[in-house]
*Asks:* 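Sharing a structure below in structure tokens format, with a few things to ask.
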Amino acid sequence: MGKKSDIEELTNLLSLALVHKIGGMVNPDEIYSEKYRKESDAFLKKAVKVSIRQNWNKEDKKRIKEILGYKLRKNLEKRDFLDSKKFEFVEEEIDDVLKLLELN
């Protein structure tokens with residue numbers, strides 16, 4: 001796989017992981033909250049596998065952050081059942097996950 005397709009797959013997985021993580025954070029008392037946390041972990045594990053396929057340069061990392069931010073916001077907008085506080089966590093969660101994957 002090429003970098004372009006790996007960036008696409010990586011940002012899709014990270015977006016899903018963060019949507020689920022944020023969903024569990026903003027609505028912790030809902031029935032789906034624990035399920036969201038588990039799904040977030042599963043998506044993150046898959047993202048880790050994708051992230052180690054490539055040797056990412058600074059431009060790649062910048063592009064990943066931009067695409068991830070866009071996809072995450074779009075995915076959160078679709079989930080209108082989540083508390084509106086969901087957007088407050090976007091930047092911090094993106095920074096945290098990129099640090100975790102050493103893509104910052």
Side-chain angles (χ1 to χ4, degrees):
M1 290 188 127
K3 267 192 183 179
K4 189 173 182 177
S5 62
D6 280 346
I7 288 173
E8 183 68 22
E9 183 178 2
L10 179 62
T11 55
N12 284 340
L13 290 168
L14 289 175
S15 175
L16 289 169
L18 293 180
V19 163
H20 284 80
K21 182 178 181 184
I22 291 170
M25 291 167 44
V26 298
N27 293 22
D29 299 326
E30 294 295 329
I31 297 168
Y32 59 81
S33 182
E34 185 60 32
K35 180 181 176 204
Y36 258 29
R37 286 188 200 105
K38 289 178 183 177
E39 288 174 344
S40 174
D41 291 342
F43 286 126
L44 187 56
K45 286 178 185 176
K46 290 178 182 179
V48 168
K49 290 178 183 178
V50 174
S51 73
I52 59 176
R53 286 187 211 158
Q54 298 287 342
N55 184 18
W56 306 105
N57 60 39
K58 287 182 183 181
E59 290 177 24
D60 296 331
K61 293 175 184 180
K62 182 180 175 186
R63 186 75 180 133
I64 289 167
K65 185 173 183 174
E66 290 170 0
I67 294 170
L68 176 56
Y70 174 79
K71 287 182 179 183
L72 180 54
R73 284 180 186 82
K74 286 294 179 189
N75 278 329
L76 285 171
E77 286 172 6
K78 292 177 190 175
R79 289 165 170 81
D80 56 1
F81 58 91
L82 294 177
D83 190 290
S84 61
K85 296 184 295 186
K86 60 191 173 190
F87 294 106
E88 296 173 15
F89 298 99
V90 170
E91 291 302 320
E92 181 181 348
E93 291 302 322
I94 288 173
D95 289 342
D96 288 349
V97 80
L98 293 179
K99 282 180 191 173
L100 177 72
L101 297 176
E102 298 179 2
L103 295 173
N104 54 341

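Note that the structure is predicted; figures quoted are calculated from it, not measured.
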*Asks:* Below 4.0 angstrom, N of the basic side chain to O of the carboxylate: do E88 and K85 qualify?
*Replies:*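 Here E88 does not pair with K85 in a salt bridge, since their nearest N and O are not under 4.0 Å apart.
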*Asks:* Do V50 and R53 have side chains that approach each other closer than 4.5 Å (heavy atoms only, starting at C-beta)?
*Replies:*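 In short, these two side chains touch, coming nearer than 4.5 Å.
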*Asks:* May I ask you to check whether over 12 heavy atoms, not counting those of K46, lie within 6.0 Å of atom NZ?
*Replies:* no
*Asks:* Tell me, do L76 and F89 make a side-chain contact under 4.5 Å, heavy atoms counted?
*Replies:*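 They are not in contact (no side-chain heavy atoms under 4.5 Å apart), so the answer is no.
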*Asks:* Which heavy atom of I64 sits nearest to which heavy atom of T11, and what is that distance?
*Replies:* O-CG2, 3.7 Å
*Asks:* Return the set of residues passing salt bridge (charged side-chain N to carboxylate O under 4.0 Å, His left out) with K86 (not counting sequence neighbours), or none when no residue passes.
*Replies:*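 So K86 forms no salt bridge (charged side-chain N to carboxylate O under 4.0 Å, His left out) with any residue.
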*Asks:* Quick one, W56 and L10 - any side-chain contact, counting heavy atoms below 4.5 Å?
*Replies:*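 Yes; the side chains approach each other to less than 4.5 Å.
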*Asks:* If you measure from OG on S5 to CD on Q54, what distance do you get to the nearest 0.5 Å?
*Replies:*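 Between atom OG of S5 and atom CD of Q54 there are 7.5 Å.
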*Asks:* With a 3.5 Å cut-off and sequence neighbours excluded, list the donor-acceptor pairs that the side chains of residues 95-104 form with protein atoms.
*Replies:*
{"from": "D95", "atom 1": "OD1", "to": "K65", "atom 2": "NZ", "distance (Å)": "3.0"}

*Asks:* Show your working on side chain to side chain contact (heavy atoms under 4.5 Å, CB included) between K3 and N57 and close with a plain yes or no.
*Replies:* CA-CA 11 Å; K3 267 192 183 179; N57 60 39; 3.9 Å; yes
*Asks:* Below 3.5 Å, can you tabulate the donor-acceptor pairs from side chains in residues 13-26 to any protein atom, sequence neighbours excluded?
*Replies:*
{"from": "S15", "atom 1": "OG", "to": "K71", "atom 2": "O", "distance (Å)": "3.4"}
{"from": "S15", "atom 1": "OG", "to": "N75", "atom 2": "ND2", "distance (Å)": "2.6"}
{"from": "H20", "atom 1": "ND1", "to": "L16", "atom 2": "O", "distance (Å)": "2.7"}
{"from": "H20", "atom 1": "NE2", "to": "E39", "atom 2": "OE1", "distance (Å)": "3.0"}
{"from": "K21", "atom 1": "NZ", "to": "E93", "atom 2": "OE1", "distance (Å)": "2.8"}

*Asks:* Does the distance from a Lys or Arg side-chain N to an Asp or Glu carboxylate O, for R63 and E66, drop under 4.0 Å?
*Replies:*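 Salt bridge: yes.
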